[in-house]
Amino acid sequence: MAGAGSNYLNHEKGIMSWLTSRDHKRIGLLYFYTVGFFFLLGGIFAMLIRTELFSAGMQFTPELYNRFMTYHGVIMVFFVIIPGIPAILGNIIMPLQIGARDVAFPLVNLMSWYCYIAGAALGVASLFMGETVLWGIFGGADTGWTFYTPYSIKFSAANITAAFAAFVAGFSSILTGVNFVATVHKLRCPGMTMNRIPLFVWALYATAILQVLATPVVGITVALLAMENIFGIGFFDPELGGDPVLFQHFFWFYSHPAVYIMILPAMGVISELITAFSKKTIFGYTAIAYSSLAIAGVSFLVWGHHMYVSSQSEIAGLVFSILTMFVGVPTAIKLFNWLATLYKGSIQMQSPMLYALGFLFIFTIGGVTGIFLATIATDVHFHDTYFVVAHFHYVMVGGTLMAIMGGALYWFPKITGKMFNESIARMSFVFIFVGFNVTFFPQFILGAMGMPRRYADYLPAFESLNRISSLGSYVIGFGFIIALYVFINGWRKGAPAPANPWGAKTLEWTVPSPPPHENFDKIPTVTAGPYEYR
Amino acid sequence: MWWIPAAAAQTFMPPAATDIAKRVNSIYEFLVISSLISFVIVIVGLVYFIQKYKRKSENDKTAYITHNYTLEFLWSFIPFVLFMVLFAWGAKVYWDMRVSPEDAMEIHVNAKKWDWEFIYKNGRKITSDVDDKGKRIPPTMVVPVNKPVKLIMTSIKLNPNDKRDRAVLHSFFVPAFRTKQDIVPGRYTALYFTPTKVGNFHVFCTEYCGTGHSQMLGMVKVVEDNDFNNWVLGSEGGGPKELSMADKGKQIYATRACIGCHSLDGTPMTGPTWKGLYGSDRQFNDGTSTTADENYLRESILNANAKIVKGFTANQMPSFQGQLTDEDVTNVIEFIKSVK
Ligand SMILES: [Cu+2]
Ligand SMILES: [Cu+2]
């Protein structure tokens, strides 16, 4: 590192200096490695699912399929998408963007990563528990990521351990949330008013509130489930006088807001990318900022839209339907604001921007199909069919994953101090984008035709569309291998990155790449908003 | 605009076999078309802007536009109105889908891991079968065309005495009818439909229930009135005659001591009479009240102390939880329903 000066990467050396680091950037990188590992694992389960569904009839066994499906869901939701943007990009970038030296509670930040690791370890351990279904060693939970009772009550060490893993990982999410709320309130640099913080920070702030308020509910639910299992106290088990539908209420009271924990940060990333690559101030800063808060608020009131046919009352169904429609409005507002930002911009199609535009394309489809599901009469048909699977992959994968990729490339020079290979990065986009649509668009049609989700096998009439979908998933897989190559190759061999390769205006681009240990030699003073392109 | 009818025709939905299904289709087609239009607007705008405002040099000056209230109002208000229309339209159809039709023919559905049982009031029970090659033949529910049907559904255990096993959630889904309903252990849920088309329609289980979830298939066979009557007669022809559900319930009434406390002729004994009980308004000692539907009767039988009927005392009636099987309970309820 001769001449490169001291930065957070070389400031201290040795594995212990990483494992005990309280530097928000290093913790962000720790999250990057571990989340990346689980993304790979969840992706392998996805490929196995699609391989089973490549043809009608069984390729593996139903027992195995049900475990693939469960672990794909649990890993991708609790260990990849929820921590994804806040814990990696948020951790590394957010303090830089508001002119802080670190997050408010650096030690708590490190603790959150250890909670994540503990949860992850439990999740992996659960694979070896319960009834063995493969090679005499592999068992695992088979409840689906939703852990619905009474199925999950049937005593199985694997089911309880997997649920408990999600519970422990939840603490990591809560700790990150608490930290971010405090950081945004307390550590903004002079002049950085709430109306001047970048929209990425606004999105993380809204998300943090959700993390703090919603996650404990899933914790309590899992605790009740465990008490029921171990002490035989009836909460959800009808044989003990409990109510299985109550579990669904608890579960979705957390998991609907969790959907926004997954997508809001992605929306924040998109605001950053669109402004930076069209060199234009954001259209409707306030509308975007407050619509994040609006979405966060209303998201607590719509959980019942997952339960229209669960035997909840019809009146409740109608109330949840209209409330869900309300969430549609701020979402539409954001979309139009991003579009309007492009108007009269100076647009450059670098790979991060490609991912951002890919987000707009996919998210639009994810959004409009959400209305199909909010409309209660059509949802009765679509509920628990492949239409829902397609919809939430369009939102979660097409939305959040596109944003993670775009954001990771955008901030790659800042994080590593190196430039990546632009043309290979574009290639990764093409494969992921095309593969994604080929995989998931046919699933809307399968859902309309009536194919239920979580089916290890299906009627021959569904075969050709499933085949297209499976082929598409391999294309996505290939795209991510290319993306991995871009990251590794860029980090090892990339040209040194300047402080501000994209000509962006937010604070993180004013410090060297990679940033020094405590970010700023001198805390900056801000006199204008975050997107002052004039 | 040739593509509007084209888009509407190509809905990918299975044939609509009820009037409700046709109304759901109308909403769906409206959704498809309005989504297509919104999608095209967004994508055309996107592509146009990318082309038109491509970066020419690193020193490009861009317009500094922070907001435009008219535009912002419009693009919030128009979606809002559209969403409200969809809500109201969807709510109307949903409501009609969910209200119990007058004089519906009732069929009981038992869901278990991983099979269906369809039980008619006359006691006829349809279960799945196995062909010579050992392949499962899904059970077929036969119903007459143009007659409202009410399914009374519950989830049961394979072996009621297995203490470790649990009845789990299932869901009864007929794509051609555009309707589904979860089946919850420990209670009855209902599903209504009035088929308007003769034919065979798939039944799927759409709530994940474990290993055999995707094999839990069934059929609804909609036939002409005549054929239905013949089918019913056919069932009463050969073989030993099945008792009807109500008759089986009556046997339980007589043999399991209910008869000692409940009359059928209107006279109150230790417990209230069963005459006219079903569908009546029940007043309770704590001042609350409810309509006596299947779920209320079930609760009264299994956990009598949950609600005490006005004028009677608690702890008189023994709990039958664990004493009567799910099927027994359903049969007794059918018997109570028959005591008018
Ligand atoms: Cu939701
Ligand atoms: Cu099932």
Side-chain angles (χ1 to χ4, degrees), chain A residues 62-63 66 144 148 150-151 153-154 238 244-245 279-281 283-285 287 309-311 314 318 321-322 325 328-329 332-333 335-336 339 342-348 357 360-361 364-365 368 371-372 375-378 380-381 383-385 445 448-450 452 454-458 533-534, chain B residues 11-14 24 27-28 31 35 38-39 42-43 45-46 49-50 53-55 60 62-67 72 75-76 79-80 83-84 86-87 90-91 93-95 97-98 166-169 171 173 175 178-182 184-186 189 204 206-215:
Chain A
E63 285 84 358
N66 289 343
Y148 270 14
Y151 191 79
I153 297 172
K154 167 194 80 172
V245 181
K279 278 211 192 303
K280 185 156 171 285
T281 196
F283 183 97
Y285 175 90
V309 301
S310 69
S311 84
E314 277 77 22
L318 295 182
S321 173
I322 195 166
M325 292 291 181
V329 178
I333 291 178
L335 198 65
F336 290 123
L339 260 188
L342 296 176
Y343 172 71
K344 290 201 172 167
S346 160
I347 300 169
Q348 193 184 27
L357 297 176
L360 294 188
F361 180 96
T364 308
I365 299 179
V368 294
I371 301 297
F372 286 57
T375 307
I376 189 162
T378 39
V380 172
H381 178 70
H383 177 74
D384 269 342
T385 68
I445 301 173
M449 290 164 76
R454 296 175 166 176
Y455 263 29
D457 191 12
Y458 47 77
Y533 301 92
R534 290 195 192 245
Chain B
T11 60
F12 301 108
M13 289 272 207
V24 172
I27 305 183
Y28 173 69
L31 276 162
S35 305
S38 333
F39 179 71
V42 171
I43 298 309
L46 190 75
F49 289 164
I50 295 171
Y53 305 114
K54 212 186 187 114
R55 182 166 305 176
D60 279 358
T62 56
Y64 192 79
I65 309 169
T66 54
H67 59 269
E72 292 183 74
W75 71 44
S76 322
F80 178 74
F83 295 165
M84 287 305 107
L86 278 164
F87 161 72
V93 174
Y94 173 72
W95 197 257
M97 178 189 294
R98 308 286 297 197
R166 286 286 178 279
V168 300
L169 298 173
S171 189
F173 176 36
R178 310 286 186 274
T179 187
K180 68 167 67 76
Q181 170 62 49
D182 280 8
V184 184
T189 54
F204 295 121
T206 40
E207 185 62 77
Y208 176 70
C209 55
T211 310
H213 175 50
S214 61
Q215 303 305 320

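Worth knowing before you read on, the calculation uses all heavy atoms, side chains too, and leaves out hydrogens, waters and symmetry mates. None of these values were measured; they are calculated from a predicted model. Letters A, B, ... mirror the listed sequences (proteins, then strands); counts begin at 1.
- Interface summary for chain A: among B:Tyr208, B:Phe80, B:Phe49, the most heavy-atom pairs under 4.5 angstrom belong to B:Tyr208.
- The OG1 atom of A:Thr378 sits 7.5 Å away from the CE atom of B:Met13 when rounded to the nearest 0.5 Å.
- With a 4.5 angstrom heavy-atom cutoff, B:Phe204 touches chain A via backbone and side-chain atoms both.
- Heavy-atom distances place both the backbone and the side chain of A:Phe336 under 4.5 Å from chain B.
- For the residue pair B:Tyr94 and A:Leu318, the shortest heavy atom distance occurs at CD2-CD2, 3.8 Å.
- Among the candidates A:Leu342, A:Asn66, A:Thr375, the residue making the largest number of heavy-atom pairs closer than 4.5 Å to chain B is A:Asn66.
- For B:Glu72, the part sitting under 4.5 Å from any heavy atom of chain A is the side chain, from C-beta outward, and nothing else.
- In this structure, the side chain of B:Lys180 engages the main chain of A:His381 through a donor-acceptor pair within 3.5 Å.
- Nearest heavy-atom pair across B:Thr189 and A:Ser311 is CG2-CB, 3.6 Å.
- Contacts with chain A were tallied for B:Val24, B:Val93, B:Thr211; B:Thr211 has the most, counting heavy-atom pairs under 4.5 Å.
- In this structure, the portions of A:Ala456 lying under 4.5 Å from any heavy atom of chain B include both its backbone and its side chain.
- Between the CD1 atom of A:Ile365 and the OG atom of B:Ser38 there is a distance of 11.5 Å, given to the nearest 0.5 Å.
- Put simply, of A:Val329, A:Leu357, A:Ile322, the one with the most heavy-atom pairs under 4.5 Å next to chain B is A:Ile322.
- One distance of note links CD1 of B:Ile43 with OG1 of A:Thr364; it measures 5.0 Å at 0.5 Å rounding.
- To the nearest 0.5 Å, atom OG of residue A:Ser346 and atom NZ of residue B:Lys54 are 11.5 Å apart.
- Side-chain contact between B:Trp75 and A:Leu335 is absent, with no heavy atoms from C-beta onward closer than 4.5 Å.
- Contacts with chain B were tallied for A:Tyr343, A:Phe361, A:Tyr285; A:Tyr343 has the most, counting heavy-atom pairs under 4.5 Å.
- One distance of note links CD of B:Gln215 with OH of A:Tyr458; it measures 12.5 Å at 0.5 Å rounding.
- How far CZ of A:Phe372 is from OH of B:Tyr28: 6.0 Å, rounded to the nearest 0.5 Å.
- Ranking A:Met449, A:Arg454, A:Lys279 against chain B, the residue ahead of the rest is A:Lys279, based on heavy-atom pairs under 4.5 Å.
- When every heavy atom of B:Gly210 is checked against every heavy atom of A:Tyr151, the shortest pair comes out as CA-OH, 3.2 Å.
- Nearest heavy-atom pair, B:Glu207 versus A:Asp384, reported as atom, atom and distance to 0.1 Å: OE1-OD2, 3.5 Å.
- Residues A:Ala448 and B:Pro14 come closest through the heavy atom pair O-CD, 3.3 Å.
- Contacts between B:Thr179 and chain A at a heavy-atom distance below 4.5 Å involve backbone atoms as well as side-chain atoms.
- Side chains of A:His383 and B:Thr206 form no contact here, defined as non-hydrogen atoms less than 4.5 Å apart.
- Residues B:Pro185 and A:Pro244 approach most closely at O-CG, 4.3 Å, considering heavy atoms.
- Counting heavy atoms from C-beta on, the side chains of A:Leu360 and B:Val42 never come closer than 4.5 Å.
- When side chains are defined from C-beta on, B:Phe39 does not count as touching A:Val368, because their heavy atoms never get closer than 4.5 Å.
- Only the side chain of B:Val184 comes within contact range of chain A, with at least one heavy atom under 4.5 Å from a heavy atom of that chain.
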